[in-house]
Structures are given as C-alpha cells and as structure tokens.
Amino acid sequence: MHHRDLKAPASFMDVNPIIGPLNEAQREAVTAPAHEPALVLAGAGSGKTRVLVHRIAWLCAVEGLSPFGILAVTFTNKAAAEMRGRTETLLGLPPGGMWVGTFHGIAHRLLRMHHAEAELPETFQILDSDDQLRLIRRTLRALALDEKQWIPRQVQWFINARKDEGLRPGAIADTGDYARQQLVRIYAAYEEICRQSGLVDFAELLLRSVELLRDHPELLSHYRRRFRHVLVDEFQDTNALQYQWLQLLSGGEVPVFAVGDDDQSIYGWRGARVEHIQAFPRDFPRCRIYRLEQNYRSTATILKAANHLIRFNADRMGKSLWTEGEEGPPILLYGAFNERDEARFVVERIQQLVADEGLRRADVAVLYRSNAQSRLFEERLMEQGIPYRVYGGLRFFERLEIKDALAYLRLSVNRHDDASFERVVNQPTRGIGERTLQTIRDTARERGVSLWTAAELLRETGGLPTRAGNALHRFIELVEAMAEAREGLPLFEQVARVIELSGLQDHYLKEGEAGRTRVENLEELVNAARGFDFDPQIHGEMSDVDAFLAHAALEAGEGQGGRWEDCVQLMTLHAAKGLEFPVVFITGLEEGLFPNARSLDEPGRLEEERRLCYVGLTRAQRRLILSYAQSRRIYGRDHVTEPSRFLDELPSELIQDLRPPVQVRPLGRSTGTTAHSNRLRGTESAFRIGERVRHQGFGEGVIVDCEGQGASARVQVRFDGVGSKWLVLEYAGLQRVG
DNA sequence: GGTGACAGTGTTTTT
DNA sequence: CACTGTCACC
C-alpha cells in the first residue's frame, strides 16, 4: 500500500481562524514543529480540546499534512466524537481519512483489518465486562473451582490487570504463591476458551494490537509511514499497554503530540500511570514541553480554591492556574443533618437558581463520589417534578434486556456462540432448566462441539426426557426461525423480527412497571439499529449484523435513550471529567465517602481522591456549592460522619457557610483545629452527633441524629438500655457527659 | 422444572 | 438496603 501526503496549498489557507482565537501559550503548542514530539501540560479549563483541534487544523492546513496521515486517540467515545466534530467545523470539511477514536476503538479497527496476522477469526466477537465475568464463571466451572474461593470479580480484576501490564500467563513470574499460581492457571484457561471461541475482551483488544504491531515489522513500518502525526488526549490516563502502543507506533519516527494534566489523573486504580507524563520527555527524545495555565472556565474564586486544594498533593509537575475573569460569588457550603436533608437542600437550591436567576436546569450538575448516592437526589427531584438525567450507571447496551436480545441476534447469526446460547436458552423460561443444560454441556464437552451442536445431537438421539426434549426442540426451531425471518431484511428490521420472535417483550411485560421500561428499551434497540451507520473502513467485509454487534460492545451507548429535555445533570465525579457546568454541586464531602475509605490507608490513593476533588471543583464555571451530611445511612444503618478533610484544605475566606450557628454538629477529628472545624465551632451549648449526654429520665446515651434548627431543633439519642428517643433540645435539658 | 421465600453478601470509580 | 444465589416446595 502506498500513501502519499496530499500537500494542501498552504498559501490559500487563511491561518487566522486557526491561530487567531488562541492565547500565546496555546498558539505555541499548536504551532509546535510538526516533526517533533510535544507534551502539553494543560490545566483544567485551559483549552485542551481546543489546542488538539487547532493542532490538527494547523498540521493539515499549514504544514500540509493530509488528514489521512493523522491519528488522534482519546479515552471516551464522546471525546472522540467531539474532536472529530470540532475539527470538521474548523476546517470547514470532514477530515476524510483521519483516524479519530478511542484506544479501544482504534485497536479494534486494527484487529479487524489484520485479523489474520493477529490470529483471530474474521468474525471475532468483543466481550464487554459483563460477558467477561460470565465467561470467567464458566472457566471456573470448567476447572472445577469453587466460586466462593475464587471470586469471579477478583479473578476478572487479576486478568485485566495483567493484560493491562502486557502480561500473558506465561510471562507472569512464579513467586511460589499458591493463590497466584491458581489465578495464572485460571487466566490461561480463560484465554484458551477465548481463543477457541474467537472472543476478545477490552484489555485483549489493546494487548492483541500491541502484539500485532510488535510481531509484524512490515505492518508496523506500514503504519509508521502512514501516520505522520499521532495526537493523544488525556495522556495522564494511559496505562502501561497504551503507552507501549504509542511508543511502538512512534518508533522515534512519528511525532506524538500528547496533551494531559497530572492533576487530573483519576484512573490510577485501573492501571493508568501518571508517571508516563514524566517519562514522556525521556522516551520521546527532542520533545518540547508546553504549559497551558490560563483558565477560561471558572471564576477567580473557584480557581483559587482548586489551586489551594491541589497544593496539598506532593509530586506534582507544578502548574498554577490563573484567570483574568471576575471574582464571582463565594463558594457555598452546607452541612446537612443527614443524607436526606442534603438531597432536600440541593434540590431546593436548584429550584431557587432556576426561579431567581433564570438558569436552565441543564446548567446544573450534581456530582457525587459513588453511583449509589444518586438515588436520593433522584427521588427528591422526582418528587419535585424536576426533570433530570443520570449519567453513568447502567448503560444502554449493558442492560439485561438488550443483552438478551443481542444474544438472540448473535445466536441466529452464529449458532455456535456458546455464551449467547447459555444466556437465552431459557430466557424467557421455556422449560430448559439447569439439569437439561448440564446434559447439553456434558455432551458438548465429550464430543468437543458447541452447545448448539450438542443440543441438536441430543434432540436427534432422544437423549433427554420427553418434556425437556420437546422444549429444547422448540428452542432450536425458534432460533432457526429467527435466522430465516431475518433474511433479506435491513438491519433494523432484522433486530425487530428477532425481538418479536424471542418472546422477550411478553416476558418483560409480565414483570409490571420495571418490565415496561425494559420493553421500551427493546424498542429503542430497534431505533439504535436503524441509526447505526456501517463504516466500511472499520467494518470491512463484516455483515451489518456483526458490525452492529461489535458496535454494541464497544460503545456502551451513552447517547441512547437520552432525551433532549432541559435536565439537571447527575453524575459521578469521574464521569464529570472533561465537562463543565455553570453551576456545580459537589455532595457527600465526608471522610470515608470522599475521600473514600478504601483510599485512606495509602498516600498515593488519597492524593488521587484529592485530584478527583480538584476535577470536581474545576468543573464549575460560576457557582460552586459544596455539601456534606453529618449522618449518613449506609446499608440501612445510620453512621455519624465527619466533614471531608478536603473542606479543611480550601481557603476558608472563599467559603460561605450556609448554616453558621449549628445546633448540632459532628464530632471533630482529633486534630480538629483546622479552618473548617473552627468555622463549625458554634455556641457553647451546641451538641454534636456522637456525643455522650445525660437525661434526667432516660439516663445516659449517645446523640445519633438531629433535625431542625433554633427552637425546634431536635436530637435523637440512643439511651443505654432504653433505646432511641427524639428530644426537643430546648426542653430536654441534656447534659454533656465526660 | 418453575417459583417463591429466605439468607447471605457486598458496596468506588469504567474504557 | 438491595441484590444475588440457594433451597424448599409446588
């Protein structure tokens, strides 16, 4: 294959739109020498995406590179779509031939194009994490290992972590540790099943494509000649494998333009290595470093707070954001009594902002540490009739009903897809139970054939009880009927026919309210199929059904089902990265929750939590509202909580406490002389949750909850041997004990 | 083989 | 608390 750079006539291009809107630092990065690697340290809100997009435009329009020679990699599908869209707008034409995608998407594309060299069947299938987990369960069963001892999730984590390090089972050092040896054995068995069935999990996409390039010099040099420039977004999130992949692709010949921010590295727990930022200049010689420190997003107040917080981290590359923008309103802080009060407060504030300041609901984001926290906000918002949208959580293509429908589709395409067979053979229930299934499995193993073939064999030989045999017969006929019904139809009608025949809709309709949305989702799946556009460049010779199935695995379907309504945005702090909102609530700022308890023992992980907080703060454009609860119910039990240390790490003069004279407050930490706890220190008579008190009638007890303010303030006290009582502070005459 | 009750269990973040 | 998996009963 020969590709020539199509030299764009630079003299005809007006470079003004490209460099005009940039500040000096951005301009330097965008116009960096085209043949040298560059590392752009881009602070939050400093125009990172803009620099990437303008860099591409600069390379094409001024340096004369063809879009064909450009590879741009991101982490999320959304970021990839945005980059493509904005480049198109800036250049005024679609950058044909340019490769823009996620690491996984591009790896997928490479493997499709070179499946033979990668030793994969042409129709290899992608496993999402749920599929992977099921397959691991199957592997454990095959090895006759107890799931209680070898917990599937942990096995999954082990395998993925090894793959992310680029390690095959054979390459893992034997430390003599029995558990580890077993895990490696499971890994090897899992890998073997994947190989036999042509299955590729997420980590495998990357690992396999690294191996593909590494072991096929002719391919590698082809791509090194083809790509004249590689751009990487969110570089701080690259894991060992992704970094290796970049090194391999570059080979010191292809310049890499990496943009990242060490202060926003929040995926260390899943293998991302911030150290790659430090390593970059060493591994990519002649690299130039650029810093973007001017922030265009937030008010000076918000920025000051964020800068102050992040300075508590050691080991930073050192970067300080500044803005020419106005001070803006102070940061608000609300110490809620409990998690319900917190939700009440947040929703009330949103209503106020919408009513008083004419804010759109979509301008407001409510951020939290863990998905479970969304529920309370959802309930409250629903109660108040405020439309909202929750990001993250279960994605469209990960939903049960969608996966069921896709499994039928898959099975009707490839009868020997065992995972799909197992998934739907008795879904909806049709009288093929565990016992029958086990017979099928055994037969399959004995004969070395697929479950489908085994089922057919059993049907013919009558090796099953009549009832089970009949049920199995009907199932086989059903799948055959699906395959037949699909013939000659456009993709979306094929999907519709399969759903229709599967009986899933009736099945879910019986489940009442929850089933109703499942049916709606199935309808939405038909729409997704209708809207799916087949890309011959990626999908090559694949059938449209296969292509759609690959698409479903790779794009969890963030855009699916999202209404265009003006909605309050609910999401985790992780999910908020890369986004911005006029108003941001950061909730649940409590020790143990945020920072998360599991991150407290290790300094590195605590710093990551702090960076997560930094990410949250810097999402806000104008208004930032922080909250914590003094008591939080976790797994049905109330816990007394302390305000997050991150609150202490914000400059107190920037923060306006919404409840200055607190009646009841949580027990301060032993170090409790920090700014925030000082601010919390109320009047002498104030009681704290967790404090021991004495009551004339009930004796001694502990304050466990509280509500109301001033004269109506009440506390709940758990009295020794007596139980819990709610008491009005004013009349209870409580005395502190000890 | 299907269905319900019950107990046990685990809970961060996700391409 | 909410979900999953197990077990007894239909």
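Quick note on labels: first sequence line is chain A, next is B, and so on, each numbered from 1. Just the heavy atoms: all of them, side chains too, but no hydrogens, waters or symmetry mates, feed the values below. All values derive from a computational prediction rather than experimental measurement.
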For A:Tyr267, answer base if it contacts any base atom (sugar-phosphate contacts may also be present), sugar-phosphate if it contacts only those atoms, and nothing otherwise; contact means non-hydrogen atoms under 4.0 Å. sugar-phosphate
Take atom P in B:dT13 and the same atom in C:dT4, then report the distance between them in whole Å. 15 Å
Could you run down nucleotides 1-6 of chain B 5' to 3' and tag each one B, S or - for protein heavy-atom contact under 4.0 Å? SSS---
May I have the distance from A:Glu339 (atom CD) to C:dC1 (atom P), rounded to whole angstrom? 11 Å
I want to check something: taking the side chain as every heavy atom from C-beta on, are A:Gln132 and A:Tyr190 in contact at a cut-off of under 4.5 Å? yes
A:Asp404: which of A:Gln427, A:His507, A:Arg518 passes side-chain contact (heavy atoms from CB on, under 4.5 Å): A:Gln427
Regarding B:dT13, can its base be found pairing with the side chain of A:Arg598 as donor and acceptor, where the two atoms are less than 3.5 Å apart? no
Write down the atom of A:Gln264, the atom of A:Asp237, and the distance for their closest heavy-atom approach. O-OD1, 4.4 Å
Knowing that exactly one of A:Leu525, A:Asn521, A:Leu406 qualifies, which makes a side-chain contact (heavy atoms from CB on, under 4.5 Å) with A:Glu401? A:Asn521
State plainly whether the residues A:Arg611 and A:Glu608 are in salt-bridge range, i.e. N to O under 4.0 Å. yes
Atom CZ of residue position A:Arg214 - does it have more than 12 heavy atoms of other residues, nucleotides or ligands inside 6.0 Å? yes
Ring-face cation contact, A:Phe124 with A:Arg112, 6.0 Å cut, 45° max: yes
B:dT13 OP1/OP2 closer than 4.0 Å to side-chain N/O of A:Asn371: yes
Do A:Glu477 and A:Arg459 meet the salt-bridge criterion of a basic N to acidic O distance under 4.0 Å? yes
Please list, by residue number, the residues of residues 608-618 of chain A whose heavy atoms come closer than 4.0 Å to an atom of DNA chain B; answer none if no residue qualifies. none
NA contact type, A:Asp237, heavy-atom cut-off 4.0 Å: base, sugar-phosphate, or nothing? nothing
Is there, by distance only and without an angle test, a donor paired with an acceptor across the side chain of A:Arg369 and the base of B:dT13 below 3.5 Å? yes
If I take atom CD1 in residue A:Ile586 and atom P in nucleotide B:dT12, what distance separates them, rounded to the nearest angstrom? 21 Å
Which part of the nucleic acid does A:Arg605 contact within heavy-atom distance under 4.0 Å: base, sugar-phosphate only, or nothing? base
Does A:Trp269 stack onto the base of B:dT13, taking stacking as ring centres under 5.5 Å apart and planes under 30° apart? yes
Could you check whether atom CZ of A:Arg435 has more than 12 heavy atoms from other residues, nucleotides or ligands sitting under 6.0 Å from it? no
